[in-house]
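What you are looking at is a predicted structure, and each value in this text was computed from that prediction instead of being measured.
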Amino acid sequence: QEVKQLDKLFASSKRKLIKHKSAVEREQFELDQLLSGKDGNDAAVKKQFRNLEKARQDLSNERLQFVIGVRNILGPDRFQQLKSNYKNWQ
């Protein structure tokens, strides 16, 4: 049962992460375009930077939601064990 829950959580989160990563890349591209432009519109650059930071925050929030979801499925003790095993594998 837990494996099914984890698989479902992973698939759902992966879809969202792909979407958020794409948004970050898109916003970064737009910022780069503004910065390389000749008009030097500081207000537009600042606005685009805020858009990029929002996209990055959304990506980070989704990563955190996944970790919280895993912790909720496994419980605190097994989650700590998973963290310890992950550190050992690196």
Side-chain angles (χ1 to χ4, degrees):
Q1 181 65 20
E2 287 177 341
V3 172
K4 288 181 183 180
Q5 287 177 310
L6 289 168
D7 286 344
K8 185 177 177 182
L9 176 65
F10 176 79
S12 173
S13 182
K14 185 70 174 180
R15 285 183 187 96
K16 292 175 187 174
L17 287 171
I18 290 168
K19 182 182 94 175
H20 291 306
K21 284 179 184 178
S22 175
V24 168
E25 289 179 16
R26 184 176 53 251
E27 299 299 344
Q28 182 66 57
F29 173 78
E30 294 300 331
L31 179 61
D32 292 343
Q33 291 298 302
L34 287 171
L35 288 171
S36 65
K38 294 182 174 143
D39 62 354
N41 185 343
D42 291 347
V45 169
K46 288 177 184 178
K47 182 178 185 229
Q48 186 55 40
F49 180 76
R50 286 191 300 273
N51 292 345
L52 173 59
E53 288 303 305
K54 171 74 168 81
R56 286 178 178 159
Q57 182 180 16
D58 292 344
L59 178 60
S60 293
N61 285 337
E62 182 55 39
R63 287 179 177 143
L64 178 62
Q65 282 302 117
F66 175 74
V67 171
I68 290 170
V70 170
R71 185 192 64 189
N72 289 340
I73 292 169
L74 295 180
D77 294 335
R78 291 190 324 169
F79 181 74
Q80 290 302 323
Q81 183 181 6
L82 177 67
K83 281 178 43 179
S84 295
N85 289 341
Y86 179 74
K87 287 179 185 176
N88 292 335
W89 293 330
Q90 290 183 333

Asks: Does CZ in Arg78 sit with more than 12 non-hydrogen atoms of other residues, nucleotides or ligands closer than 6.0 Å?
Replies: yes
Asks: After noting the C-alpha distance and the side-chain angles of Ser13 and Gln65, does the key distance pass the side chain to side chain donor-acceptor pair (under 3.5 Å) rule?
Replies: CA-CA 8 Å; Ser13 182; Gln65 282 302 117; over 6 Å; no
Asks: I need the minimum non-hydrogen distance between Ile73 and Glu2, along with the two atoms involved.
Replies: O-OE2, 3.5 Å
Asks: Quick check: is Phe29 connected to Leu52 through a chain of hydrophobic side chains (ILVMFWY, heavy atoms under 4.5 Å apart)?
Replies: no
Asks: Any side-chain heavy atom of Gln28 sitting closer than 4.5 Å to one from Leu31?
Replies: yes
Asks: Would you indicate whether the side-chain heavy atoms of Lys83 and Phe79 approach each other to under 4.5 Å?
Replies: yes
Asks: How long is the straight-line distance from CG of Asn41 back to CD of Gln48, given to the nearest 0.5 Å?
Replies: 11.5 Å
Asks: Do Ser36 side-chain atoms and Gln33 backbone N/O form a donor-acceptor pair below 3.5 Å?
Replies: yes
Asks: Would you indicate whether the side-chain heavy atoms of Leu34 and Asp39 approach each other to under 4.5 Å?
Replies: no
Asks: Are the side chain of Ser60 and the backbone N or O of Arg56 linked by a donor-acceptor pair below 3.5 Å?
Replies: yes
Asks: Check this for me: Phe49, atom CZ, are more than 12 non-hydrogen atoms of other residues, nucleotides or ligands nearer than 6.0 Å?
Replies: no
Asks: Do NZ/NE/NH1/NH2 and the carboxylate oxygens of Arg50 and Glu53 come within less than 4.0 Å?
Replies: no
Asks: Leu9 and Leu74: same hydrophobic cluster, using ILVMFWY side-chain contacts below 4.5 Å?
Replies: yes
Asks: Are Val70 and Phe10 in one and the same hydrophobic cluster, where Ile, Leu, Val, Met, Phe, Trp and Tyr link if side-chain heavy atoms are under 4.5 Å apart?
Replies: yes
Asks: Hey, quick one: are Val24 and Ile18 part of the same hydrophobic cluster, counting side-chain heavy atoms closer than 4.5 Å, chains of contacts allowed?
Replies: no
Asks: Within a strict 4.5 Å, meaning less than it, do heavy atoms of the Asn51 and Glu30 side chains meet?
Replies: no
Asks: Is any NZ, NE, NH1 or NH2 atom of the basic residue among Asp42 and Lys46 found under 4.0 Å from an Asp or Glu carboxylate oxygen of the other?
Replies: no
Asks: Looking at side-chain heavy atoms only, is the closest gap between Gln57 and His20 below 4.5 Å?
Replies: no
Asks: Check the side chains of Gln81 and Asp77 for a donor-acceptor pair under 3.5 angstrom, ignoring hydrogens and angles.
Replies: no
Asks: What about Ile68 and Leu82, same hydrophobic cluster or not, with Ile/Leu/Val/Met/Phe/Trp/Tyr joined at side-chain heavy-atom distances under 4.5 Å?
Replies: no
Asks: Is the closest side-chain donor-acceptor distance between Arg71 and Gln80 under 3.5 Å?
Replies: no
